[in-house]
Amino acid sequence: MTKETADEWRGRRAATEAALYGPGGFYRRPEGPAGHFRTSVHASPLFAEAVARLLCRVDEALGRPSELDFVDMAAGRGELVTGVLAALPADVAARTRAYGVEIADRPENLDHRIEWLPELPKKITGLLFANEWLDNVPVEIAEVDSTGVPRLVLVRRDGRERLGEPVSGAEAEWLARWWPLPAEEGLRAEIGLPRDLAWAAAVASVDRGLAVAVDYAHTADARPLFGTLTGFREGRETAPVPDGSCDITAHVALDACAAACAASGGRVLRQRDALRALGIAGARPPLALASTQPAAYVRALARAGEAAELTAAGGLGDFGWLLQPVGMPDGLNGPGAPLGLGDLLVDVPDHEEQ
């Protein structure tokens, strides 16, 4: 790294792109994301079981095609796609073509049935599932200056920042529609346009089926005043320094992503509602089971604890699920749709934890 490059001021998007995905970038490191932060996939195998159940519903809705695709976008080291394959009924697994999409090299000892790709396959028939992908699609950061004008935030490799040019063009239009900033110095926003485009391109790869994005999220009625940009290293939150040493992430405006594919009729749910619709609940097993079948009781209690973590308010349960059906048969996307698929494609009343 030359002094000139280290001292270079760049927009947050370019700096983050290099830090995460460039040569020696964070997501190319051998330990993988699980070495630094814990997602729903790592929290419990119940998450993969729920995704497998969703894939089965999509399979039924599509008439059980001879080949059913499951695509794990931003697959990390293949944990989710491996878990989904293991949880599928044998007849569905036999027809499933599994893909892990990730820039890192194929993990050693990955199931031979999983095809490892650097980009999405085309004409997907089945389920595209993107767990915590969009929050790592780099974006520009806007900050309001002393005159009330939103300007791009520039950053050096050591993390120092200064303000650049006023936000303009398509980025200014996105801000005005999705995250308008009051003229108060210091307020910040993350310009989610690259995520909208990335999600629209991902959905376009689906010929028939369902695309799902799961992520930290917020909506237009509750944008954070100072943004959400942060970093993670070895399980702890840290400053988002773009030197390749840490993950750099920001929450996702899933409502804007949904609108980018409005023709497909997307819906945004909270994770706790989506998982409950897929049979994941945190209810404790009956105490009577402890005396009649103690081993079964202990297993059920452990599963209930894991389910509670996945659906907890204030935690993983608050994640957003954006569901976008593509080319699905008529009558399968609304209330009362068969197979329970419709339950995930309509607004579900929120159930706060008691």
Side-chain angles (χ1 to χ4, degrees), residues 32-35 37-61 68-102 104 106-117 120 124 126-135 202 209-216 269-282 299-312 315-323 339-341 343-344:
F37 53 87
R38 189 165 178 259
T39 72
S40 295
V41 177
H42 309 119
S44 170
L46 292 177
F47 190 80
E49 291 177 21
V51 176
R53 195 169 295 124
L54 178 58
L55 177 60
C56 289
R57 293 186 182 182
V58 172
D59 179 44
E60 293 284 351
L68 177 70
D69 297 323
F70 176 69
V71 181
D72 182 7
M73 181 65 190
R77 296 303 178 265
E79 299 95 337
L80 177 60
V81 63
T82 299
V84 168
L85 277 179
L88 289 174
D91 62 316
V92 179
R95 292 183 287 108
T96 297
R97 298 183 300 185
Y99 300 91
V101 180
E102 182 60 75
R106 180 186 180 91
E108 293 184 10
N109 303 318
L110 187 69
D111 191 313
H112 68 89
R113 295 173 295 173
I114 300 169
E115 187 171 352
W116 198 255
L117 302 173
L120 283 166
I124 296 166
L127 176 61
L128 164 64
F129 201 88
N131 185 61
E132 296 196 41
W133 166 50
L134 289 173
D135 69 302
L210 184 68
V212 181
V214 180
D215 237 310
Y216 300 96
L269 309 177
R270 290 188 180 181
Q271 173 157 298
R272 59 178 171 271
D273 293 317
L275 289 182
R276 284 167 177 164
L278 289 166
I280 304 299
R299 289 194 299 270
L301 192 63
R303 286 176 64 90
E306 293 173 3
E309 181 182 2
L310 290 173
T311 58
L316 295 175
D318 287 346
F319 271 55
W321 281 45
L322 168 56
L323 301 103
L339 310 172
L341 182 59
D343 293 343
L344 290 177

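Any value given below was found using the heavy atoms of this structure, including those in side chains, with hydrogens, waters and symmetry copies removed. Note that this is a predicted model, so its numbers are computed, not measured.
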Does [X] reach the side chain of [Y], with side-chain heavy atoms less than 4.5 Å apart?
| X | Y | value |
| --- | --- | --- |
| Tyr99 | Ile114 | no |
| Val51 | Asp72 | no |
| Tyr216 | Glu132 | yes |
| Phe319 | Arg270 | no |
| Gln271 | Phe47 | yes |
| Arg272 | Ile280 | no |

Work out which heavy atom in [X] is nearest to a heavy atom in [Y]; give both atom names and the distance.
| X | Y | result |
| --- | --- | --- |
| Ala50 | Leu278 | O-CD1, 3.6 Å |
| Leu68 | Gly126 | CD1-CA, 3.8 Å |
| Ala104 | Trp116 | O-NE1, 3.0 Å |
| Arg106 | His112 | NH2-CA, 4.0 Å |

side-chain contact (heavy atoms from CB on, under 4.5 Å) assessment of Val214 paired with Phe129: CA-CA 8 Å; Val214 180; Phe129 201 88; 3.6 Å; yes
Arg77 backbone acceptor or donor facing Glu79 side chain under 3.5 Å: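 Judged by distance alone, yes, a pair lies under 3.5 Å.
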Partner residues of Ala202 under the side-chain contact (heavy atoms from CB on, under 4.5 Å) criterion, sequence neighbours left out: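 Leu120, Leu128, Trp133, Trp199.
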Partner residues of Asp69 under the side chain to side chain donor-acceptor pair (under 3.5 Å) criterion, sequence neighbours left out: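 Side chain to side chain donor-acceptor pair (under 3.5 Å) check on Asp69 returns Arg97.
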Nearest-0.5 Å distance that lies between atom [atom1] in [X] and atom [atom2] in [Y]:
| X | Y | atom1 | atom2 | answer |
| --- | --- | --- | --- | --- |
| Leu127 | Phe70 | CG | CZ | 5.5 Å |
| Asp59 | Arg95 | CG | CZ | 4.0 Å |
| Leu322 | Leu269 | CG | CG | 9.0 Å |
| Leu54 | Leu323 | CG | CG | 7.0 Å |

Listed once per pair and sorted, the salt bridge (Lys or Arg N to Asp or Glu O under 4.0 Å) pairs that draw on residues 80-89, sequence neighbours left out: none
Side-chain atoms of residues 82-93: list all donor-acceptor pairs with protein atoms under 3.5 Å, sequence neighbours left out, distances to 0.1 Å.
residue	atom	partner	partner atom	Å
Thr82	OG1	Gly78	O	2.7

